[in-house]
Amino acid sequence: MTAPPANLTPTPPIPKVGGWDNFQRKYAPYIFISPFFLLFFVFGLFPIIFNAYLSVHEWQPGSGLGDMKFVGLRNFTDNLTDPTFWLSLKNTAILAVESGLPQHLIAIPLAFAINMGLKRAQSFITAIYFLPYITSVVAISVIFFTLFSWQYGVLNAALGSLHNIPVLGALFPADKINWLGERAFVQPSIAMVIVWRYVGWNMLLYLSGLQAIPGDLYEAAAVDGATRTEQFRFITLPLLRPTIFLAVTLSLIGGFQLFEEPYILTNGGGGVGQAGLTTIMYMFRTYNAYSDAGLAAAMAWLLFIVIGLLTLVNNRIFGRSGMSDSKAAK
Amino acid sequence: MKIKRLLVLTALLSTTLAAAQKTTVTVGVFPDLDSVVKAALPGFNKLYPDIDVKINSLAYADHHNALTTALSTGKGANDLEAIDFGYVAKFAEGNGMTDLSKAPYNAGALASKFVSFTFPQSTTQDGRIVAIPTDIGPGSMFFRTDLLAKAGVKPAQLNASWESYITNGKKVVAANPGTFLIPDASEAAQIILRTGLKAGEGLYFDKNNKVLVSPDNARFVKAFTVAKQIRDAKLDAKAGAAFSPEWTTAFQKGNLATEFSGAWLVGHMQNWLAKDFSGKWNAQNLPGNTFASWGGSFYGIPTQSANKDAAWKLLQYLTTNPAQQVLAFKTTGAFPALKAGQTDSVFNQGVAYLGNQKARLLWRTAATKIQPLDVNKLDPIADQIVGDALGSVLDGSKDIPTALADAQRLVERRTR
């Protein structure tokens with residue numbers, strides 16, 4: 001009989017834990033984390049599942065939950081064959097580009113200028129540009145509505161007095177422009193408001209991106225005799241790519257969910273020729289005015305697919321190289 | 001000991017009995033209808049001291065949204081609900097509202113007591129009565145006497161027909177530079193679409209759900225043609241819908257020569273819209289001897305109500321009691337839907353804002369001539385599609401036959 005090696009002696013048993021301690025150890029974490037899951041199930045997961053369920057049913061919200069009728073994929077095919085749905089999608093795409101592109105084209109150089117030249121007043125100027133973003137969208141739209149007013153608007157009054165300046169005046173229109181009442185001007189007017197509102201937000205994103213670029217790169221470039229433009233072109237832009245990817249993705253998603261600005265500026269109707277009718281507006285109208293909840297739910301899923309696809313494309317175009325710094329830094 | 005128990009028991013029983021005797025009925029309303037209900041309570045409580053009324057007032061849109069939610073989930077509705085005209089058709093769908101045509105309500109018998117056009121508005125195609133009317137908005141052409149006088153145009157010339165409205169309207173605008181004849185050309189089209197309907201014909205659908213929108217339908221062609229003539233003659237302020245900022249500003253600046261609306265517009269004009277022009281506005285019938293209605297309010301009882309009996313008593317008091325209807329008219333200017341509510345001496349008095357014109361008599365007569373419109377559940381969709389078609393005609397991107405043919409196709413797509 002040999003004695004077991006010392007290292008094989010059984011470890012003394014763990015002292016018995018009381019019921020309360022045991023409970024704390026095993027279940028308390030779940031209780032602590034449960035508020036999140038409860039909120040998530042009620043306000044996050046449930047609406048999504050209910051929306052999916054709704055999208056294959058015909059239901060009028062006023063008639064009670066018992067009146068749902070299963071219709072299969074009919075809501076989807078109905079939407080896909082609806083000319084107004086496609087029109088709204090087209091409007092949304094145009095507005096997303098018209099309002100998205102200028103935002104970035106203005107925000108990047110602006111952020112660069114503020115980062116380079118205005119060290120001292122930086123936070124003040126950033127705050128000024130950021131102000132529109134945190135202002136109530138309803139207030140903004142109502143004010144712009146008044147500015148854009150055909151007969152009594154400030155914008156037309158300004159254009160009118162510019163027109164009266166000799167020589168230069170020929171550049172400005174003689175007649176008042178019906179900004180929100182004429183088909184050609186509806187989308188640019190809406191886009192103007194959105195650009196004004198989001199430039200500050202994008203500028204802030206780019207500013208933080210710029211501040212992550214090491215200053216010695218610029219110093220080295222300056223020593224080598226690079227001009228400001230060259231520094232921007234060869235240092236700033238390539239290193240800013242991940243930020244651009246993020247900002248463009250956010251703009252894309254925001255652009256396709258456009259609702260408040262066009263809704264208020266066109267009095268909820270979409271404006272002349274429905275030029276300002278975005279998909280979310282049409283979805284809201286289908287639910288609210290047409291009382292067709294199933295059709296609206298299916299529309300939400302179609303829009304989800306569109307946004308998903310576009311984000312994928314965006315990722316393909318300059319996301320991958322942007323995400324990994326290796327290529328950009330080369 | 002036993003006696004003590006018995007005493008406690010009786011005391012308990014008697015308090016619960018007393019509580020049971022007093023019913024509380026909740027009523028959901030929006031401004032200014034809430035002030036009408038508030039004013040009605042003393043009179044109602046004299047008749048029914050055992051019924052307590054609790055008023056739940058929300059802003060116009062919030063009230064109707066809350067009602068939609070309550071009906072869709074089957075919880076949270078008031079015992080009695082006010083419903084604006086624009087929402088009646090929506091709530092008539094499904095089984096959210098009690099059918100008042102059935103016993104014990106038998107509301108069908110009340111129909112003859114009301115101005116004829118309003119009752120059918122809350123009656124569905126299969127004969128259910130989902131709400132009872134309380135006030136109406138008989139239509140009027142309001143006009144600026146000073147602007148017309150400057151152009152030498154008489155009101156009768158302006159409203160003889162739509163053609164003479166346009167011809168004489170041009171004179172008014174020419175004599176008063178910077179003014180407009182009408183806020184938006186589309187208003188004329190809306191009136192023409194709503195008047196001159198054949199019996200049993202709805203706005204966009206006939207009794208058999210057949211789509212009426214078509215380039216061959218004279219009513220639609222005329223509506224679009226008149227609107228286009230007004231736009232082409234540069235007579236309208238392109239203000240879009242009523243209460244838009246453009247519309248409001250034009251009113252406040254006194255730049256409008258005429259406006260078509262319900263009698264209730266006078267209240268808005270004198271309170272904020274055109275305060276400075278008191279005595280300069282006047283009322284007349286709509287052009288071409290047509291009669292139309294602008295809105296109105298109703299009361300209905302949700303099926304989920306637990307106090308239907310008390311709610312029905314309150315509903316009857318608010319809608320069928322002549323004294324209450326006169327009180328409502330004096331409180332907020334809500335024009336009575338009940339015929340017996342229109343016989344009070346107050347209707348013979350002049351309206352101060354309209355230069356003491358006896359306009360109420362004009363509205364009373366107009367109310368008797370308005371034709372009932374059959375409502376269809378697809379009306380909101382057709383309304384949007386036809387409105388868009390009119391928009392493309394007005395801005396010149398489509399001609400009338402094309403726009404109407406396109407609209408017809410889009411509306412037909414929705415009927416299945």
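As a basis for the values below, the full set of heavy atoms in this structure was taken, side chains included, without hydrogen atoms, waters or symmetry mates. Since we're looking at a predicted model, the values are computed, not measured.
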Which atoms of [X] are under 4.5 Å from chain B, going by heavy atoms: the side chain, the backbone, both sets, or neither?
| X | answer |
| --- | --- |
| A:Q274 | side chain |
| A:F145 | side chain |
| A:T81 | both |
| A:S291 | side chain |

- Message: Applying ring pair (Phe, Tyr, Trp, His ring centres under 6.0 Å), can you list everything that pairs with B:F91, at least two apart in sequence or on another chain?
- Response: none
Chain A heavy atoms under 4.5 Å from [X]: which part of the residue, side chain, backbone, both or neither?
| X | value |
| --- | --- |
| B:T303 | neither |
| B:D383 | neither |
| B:N255 | side chain |
| B:K238 | both |

- Task: Using a heavy-atom cutoff of under 4.5 Å, enumerate the residues of residues 38-50 of chain A that contact chain B, numbered in order, or state 'none'.
- Result: none
- Query: Can you name the residues of residues 254-264 of chain A that have some heavy atom under 4.5 Å away from a heavy atom in chain B?
  - Reply: none
- Among all residues two or more places apart in sequence or in another chain, which pass the side chain to side chain donor-acceptor pair (under 3.5 Å) test with A:S88? A:T279
